[in-house]
Amino acid sequence: MDTPNSGTARLDYAEYEDEELVEIVRQAGPGDTRAFEALLERHQSRVLTNCRYMTRSSANAEDLAQEVFVRAYFGLAKFRGDAAFGTWVRRIKVNHCLNFIRKQERRSGEISLETPGVEAHEAVREEPGAAETLESLDERGRIDGVLDEMVDTLRIPLLMRDLDEMSYREIADALGIGLSAAKMRVKRGRAEFREKYESRFGGLGGEDGGTET
Amino acid sequence: MTDANDRDDGRVQRIADLSMEPPAGFHRRVRRGVNRRVLAGDLTHFSLAGLAHAFLEYLTALFGFAASARASGAPPSDEVDTDE
């Protein structure tokens, strides 16, 4: 494969597909991250966004996203190309964020993500959000505020489904719960998001008014 | 990814559209994270061909530098860290 190895050829990496870049990274010398940075450029926003909403913290998201990409770099030997590079990185990200959240849960004694049946009743803990200040925020801030108020047991499956576009089976496997529980948590998460948002800011309108199937 | 049998129309579009720009210096942070592990001896991600190539480059640079230093009579200079 013809590879752009000179230091002035960074722009050329943009012409390569992800899988070609992976091969270039593997062939590069230790610590030569130029081709990897092209992959980073393509996927960083998605990974950062997901880490931010999974953990409710921009500072944590930056640390976690950095660790996700470092893990991805050193895990490339195991990347066989069965799935797209982006899907593979997403898997690393989901596992890394869930481990982080579980550690936090253990420390704080919160209801675990794996707690069976938690999606079926109302005993999930309400986050102490800054509800009184949400009205003054812009649209993005409102969405952030409502999501950050939601409990992990509903927010995380919702994010996995609607932000990460994971299948229900993938969500169930990642969270260690059953398929029907995963579906129920997503459904309840969507309902709770809409309810909280609408009660504060009025109807979601348009495409967000869709009915659950 | 969702497949055809897994699709539903209850998606919250506002969540699907969320996007966050990386902070300044994010690439540098990742690069440093990688370099720290490489310096600690983690070479697990490299193919044998990549390692052989890197080793050859190292030898070439080493002997090329030594030959050039002998020819010019210049003393070896300190290593310069070019990383940001």
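Below, chains carry the letters A, B, ... as their sequence lines are ordered, and counting in each starts from 1.
Side-chain N or O atoms of B:Arg37 include none that pairs as donor or acceptor with a backbone N or O of A:Arg71 at under 3.5 Å. One N or O on the side chain of A:Asp162 and one on the backbone of B:Val12 form a donor-acceptor pair closer than 3.5 Å. Judged by distance alone, with hydrogens and angles left aside, the side-chain atoms of A:Ser45 form a donor-acceptor pair with the main-chain N or O of B:Met20 at under 3.5 Å.
Taking CZ from A:Arg52 and OG from B:Ser19, the interatomic distance works out to 13.0 Å, rounded to the nearest 0.5 Å. Interatomic distance, CZ of A:Phe36 versus NE2 of B:His27, reported as 10.0 Å (0.5 Å rounding). Distance check, rounded to the nearest 0.5 Å: CD of B:Glu21 to CD of A:Gln44 gives 8.0 Å.
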*Go through B:Val30 and A:Thr33 one step at a time and tell me if the side-chain contact (heavy atoms from CB on, under 4.5 Å) criterion holds.*
CA-CA 9 Å; B:Val30 173; A:Thr33 57; over 6 Å; no

*B:Arg28 and A:Glu37: salt bridge (charged side-chain N to carboxylate O under 4.0 Å, His left out), yes or no, with the steps?*
CA-CA 10 Å; B:Arg28 191 167 59 238; A:Glu37 285 182 51; over 6 Å; no

*Start with the C-alpha distance between A:Arg161 and B:Arg11, add both sets of side-chain angles, then the distance that settles side-chain contact (heavy atoms from CB on, under 4.5 Å), and finish with yes or no.*
CA-CA 8 Å; A:Arg161 181 69 182 173; B:Arg11 188 163 82 148; over 6 Å; no

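The shortest distance between side-chain heavy atoms of B:Ile15 and A:Tyr53 does not fall below 4.5 Å. With contacts defined as side-chain heavy-atom distances shorter than 4.5 Å, the pair A:Asn50/B:Leu18 does not qualify. Residues A:Phe69 and B:Val34 form no side-chain contact, since every pair of their non-hydrogen atoms from C-beta on lies 4.5 Å or further apart.
The two atoms that bring A:Tyr197 and B:Arg14 nearest to each other are OH-NE, 3.8 Å, heavy atoms only.
Of the two parts of A:Leu48, the backbone and the side chain both hold a non-hydrogen atom closer than 4.5 Å to a non-hydrogen atom of chain B. Interface remark: A:Glu67 contributes no atoms to any contact with chain B (heavy atom separation under 4.5 Å). With a 4.5 Å cut-off on non-hydrogen atoms, A:Phe79 does not touch chain B at all. In this structure, chain B has no heavy atom under 4.5 Å from any part of A:Ala84.
In this structure B:Arg29 satisfies the salt bridge (Lys or Arg N to Asp or Glu O under 4.0 Å) test together with A:Glu62, A:Asp63, sequence neighbours excluded. In this structure, the salt bridge (Lys or Arg N to Asp or Glu O under 4.0 Å) partners of A:Arg155, at least two apart in sequence or on a different chain, are A:Asp152.
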